[in-house]
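Numbering of ligands and ligand atoms starts at 1, following listing order. The chain is numbered in sequence order, starting from 1.
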Amino acid sequence: MNIFESARIRLTLWYLLIIMTISLTFSAFIYRSFSNELTRRLENIETRLGLRELGGQVRYFAQDIKDTRGAVLIVLFYTNGIIFIFSFAAGYVLAGKTLKPIEDALDQQKRFVTDASHELKTPLAAMQIATEVTLRNKQLTKSLAVLTLKENLAEIEKMKNLSNNLLLLAKTNGNARTTFETFSTAEIKTLEPMFTKLAKQKKIKFVSTIKPLTISANKESVLQLVSLLLDNAIKYTHRGTVRLGVLRSGRNLKIVVSDTGVGIKANDVPKIFERFYRVDSSRSKSVDGFGLGLSIAKKIVTSHNGDIKVTSIPTKGSTFTVLLPVF
Ligand code: ADP
């Protein structure tokens, strides 16, 4: 029996204990009141009919009182039996419902740890093999050793990025209340130089149109969100233009990041926000990444009660549209 099944049974038994204590107390109370009332009424009848003898020593209705009490006891016994069965069934269902979110959260955490250790294992194994092969090499030259160290350094860099992303993902809790502050979307402009530089390195254009608007949101998260989307747009675009638009749309802040990159196939679109999910074609194109960026983006959007949507045409490009209710 797993921990949740035993917790469910224990919770059910607690529910049952509470309900049965109430039910049995009430039954005892009902039985006592009924029994006293019955005795009182029959005594009245006996008095009225003059059936009493020897100062009430002989009871004409004594057997009837006993029989009726017995009948009431049987009814109460069966009623409690039904309550017992019904409470057990209802308690079991309710306990399941109560424990479900905790079970889901723990399952998710377990999967997260498994996925994260799996992702960390790959660069570690690569480093181990490279180091072992180099150490076993009898004709090891300095340049070969330097090469191995450089390869290892690249793997260390990857692991550092991964652990940073994992920490960010752990920190950005989609359900927790994020602290909001008032700031201007003009702050997003501080990201422009970095992405202009990245786009230049890839010989693509980066165009950004940011309307200065005062919003109430978590500044660090909003900047992170825009960075994640722009980072992907530049990563998965090999020619053309990456555009960033920040504008107002009714009661929402609208952030649009579009590119003329590799695009995403329709059947991959629903999966790209899952943790560690990477589209195979982008893997084969050996673009660096761990499949965590969009899951962090999604968590940020959720923590602002917002919405994120993608439209994409393979080989033509993608558009990510975020709506955040921040006015
Ligand atoms: P990563 O980029 O590290 O792989 P993400 O979670 O950011 O992880 O993205 C998940 C997948 O979604 C990527 O592997 C990529 O295939 C796809 N993707 C995300 N953004 C884009 C984009 N702008 N253009 C094409 N594919 C994208």
Side-chain angles (χ1 to χ4, degrees), residues 108 111-112 115-123 126 154-155 157-174 191 194-196 198-199 201-208 221-246 254-303 306-322:
Q108 225 188 347
R111 244 179 298 132
F112 180 67
D115 289 348
S117 10
H118 185 261
E119 291 295 323
L120 277 168
K121 242 164 68 183
T122 316
E155 295 299 336
E157 191 60 36
K158 275 191 205 165
M159 284 198 288
K160 209 171 92 186
N161 281 343
L162 175 61
S163 62
N164 281 344
N165 276 331
L166 288 174
L167 282 175
L168 200 63
L169 196 62
K171 211 174 84 179
T172 323
N173 189 347
L191 301 173
M194 184 173 78
F195 288 102
T196 309
L198 282 177
Q201 279 170 4
K202 286 200 73 183
K203 297 188 172 62
I204 55 177
K205 264 175 76 181
F206 171 56
V207 181
S208 102
S221 298
V222 171
L223 293 182
Q224 186 75 53
L225 173 67
V226 175
S227 298
L228 288 167
L229 296 178
L230 282 178
D231 194 49
N232 275 350
I234 292 175
K235 241 171 34 179
Y236 298 106
T237 302
H238 307 297
R239 74 181 75 88
T241 313
V242 166
R243 286 175 203 281
L244 164 69
V246 176
K254 191 172 178 179
I255 301 168
V256 186
V257 175
S258 62
D259 62 61
T260 54
V262 296
I264 307 156
K265 278 193 260 145
N267 57 333
D268 280 317
V269 169
K271 300 180 205 152
I272 57 172
F273 294 100
E274 285 171 20
R275 228 167 28 205
F276 295 108
Y277 186 83
R278 301 202 73 205
V279 175
D280 265 345
S281 60
S282 62
R283 244 184 224 276
S284 60
K285 282 199 175 90
S286 69
V287 177
D288 267 355
F290 297 100
L292 289 176
L294 287 180
S295 54
I296 298 171
K298 174 96 183 176
K299 276 202 166 193
I300 293 174
V301 172
T302 311
S303 69
D307 190 33
I308 181 161
K309 282 207 165 61
V310 197
T311 53
S312 188
I313 304 171
T315 74
K316 296 267 181 272
S318 319
T319 301
F320 286 79
T321 308
V322 175

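Residue Ile264 places no N or O, backbone or side chain, under 3.5 Å from any N or O of ligand 1. For the pair Phe290 and ligand 1, the shortest N or O to N or O distance falls below 3.5 Å. Between Tyr236 and ligand 1, a contact under 3.5 Å exists for at least one N or O pair. For a threshold of 3.5 Å applied to N or O pairs, the pair formed by Phe320 and ligand 1 contains no separation below that value. On a distance-only criterion, Ser295 and ligand 1 share no N/O pair closer than 3.5 Å.
More than 12 heavy atoms of other residues, nucleotides or ligands lie within 6.0 Å of NZ in Lys271, so this atom counts as buried by the packing criterion. When the shell of 6.0 Å around CZ of Arg275 is examined, it contains more than 12 heavy atoms from other residues, nucleotides or ligands. With a 6.0 Å radius and a threshold of 12 heavy atoms from other residues, nucleotides or ligands, Lys121 has its NZ atom at or below the threshold.
Note on ring orientation: taking the six-membered ring where Trp is involved, the planes of Phe320 and Phe273 are perpendicular (angle over 60°, cut-offs 30° and 60°).
Between Val269, Leu294, Thr260, Asn161, it is Leu294 that holds the heavy atom closest to atom 5 (P) of ligand 1. Nearest residue to atom 23 (N) of ligand 1 from Asn165, Asp259, Leu230 is Asp259 (criterion: closest heavy atom). Nearest to atom 12 (O) of ligand 1 by heavy-atom distance, out of Asp288, Ile272, Val262, is Ile272. When the heavy atoms of Asp268, Leu228, Asn232 are ranked by distance to atom 7 (O) of ligand 1, first place goes to Asn232.
Heavy atoms of Leu292 found under 4.0 angstrom from ligand 1 belong exclusively to the backbone.
Residues Lys158 and Asp288 approach most closely at CE-OD1, 4.1 Å, considering heavy atoms.
Atoms OG and CD1, on Ser295 and Ile300 in that order, are 10.0 Å from each other to the nearest 0.5 Å. Annotation: the span from Asp259 atom CG to Thr237 atom OG1 amounts to 3.5 Å, rounded to 0.5 Å. Interatomic distance, Thr260 OG1 to His238 NE2, rounded to the nearest 0.5 Å: 10.0 Å. Leu120 contributes atom CG, which lies 11.5 Å from atom CD of Glu155 (distance to the nearest 0.5 angstrom).
Residue contacts with ligand 1: Gly261 is excluded, as none of its non-hydrogen atoms falls under 4.0 Å.
Atoms of ligand 1 found under 4.0 Å from any heavy atom of Lys235 (numbered from 1 in listed order, with element): 1 (P), 2 (O), 3 (O). The ligand atoms of ligand 1 that sit less than 4.0 angstrom from a heavy atom of Val279 are 14 (O), 16 (O). The ligand atoms of ligand 1 that sit less than 4.0 angstrom from a heavy atom of Tyr277 are 10 (C), 11 (C). Counting atoms of ligand 1 from 1 in the listed order, those under 4.0 Å from a heavy atom of Gly289 are 3 (O).
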Open item on the list: If you apply the rule side-chain hydrogen bond (donor to acceptor under 3.5 Å, both in side chains), what do you find for Ser258 with Thr319, and how did you get there?
Closed with: CA-CA 4 Å; Ser258 62; Thr319 301; 4.6 Å; no
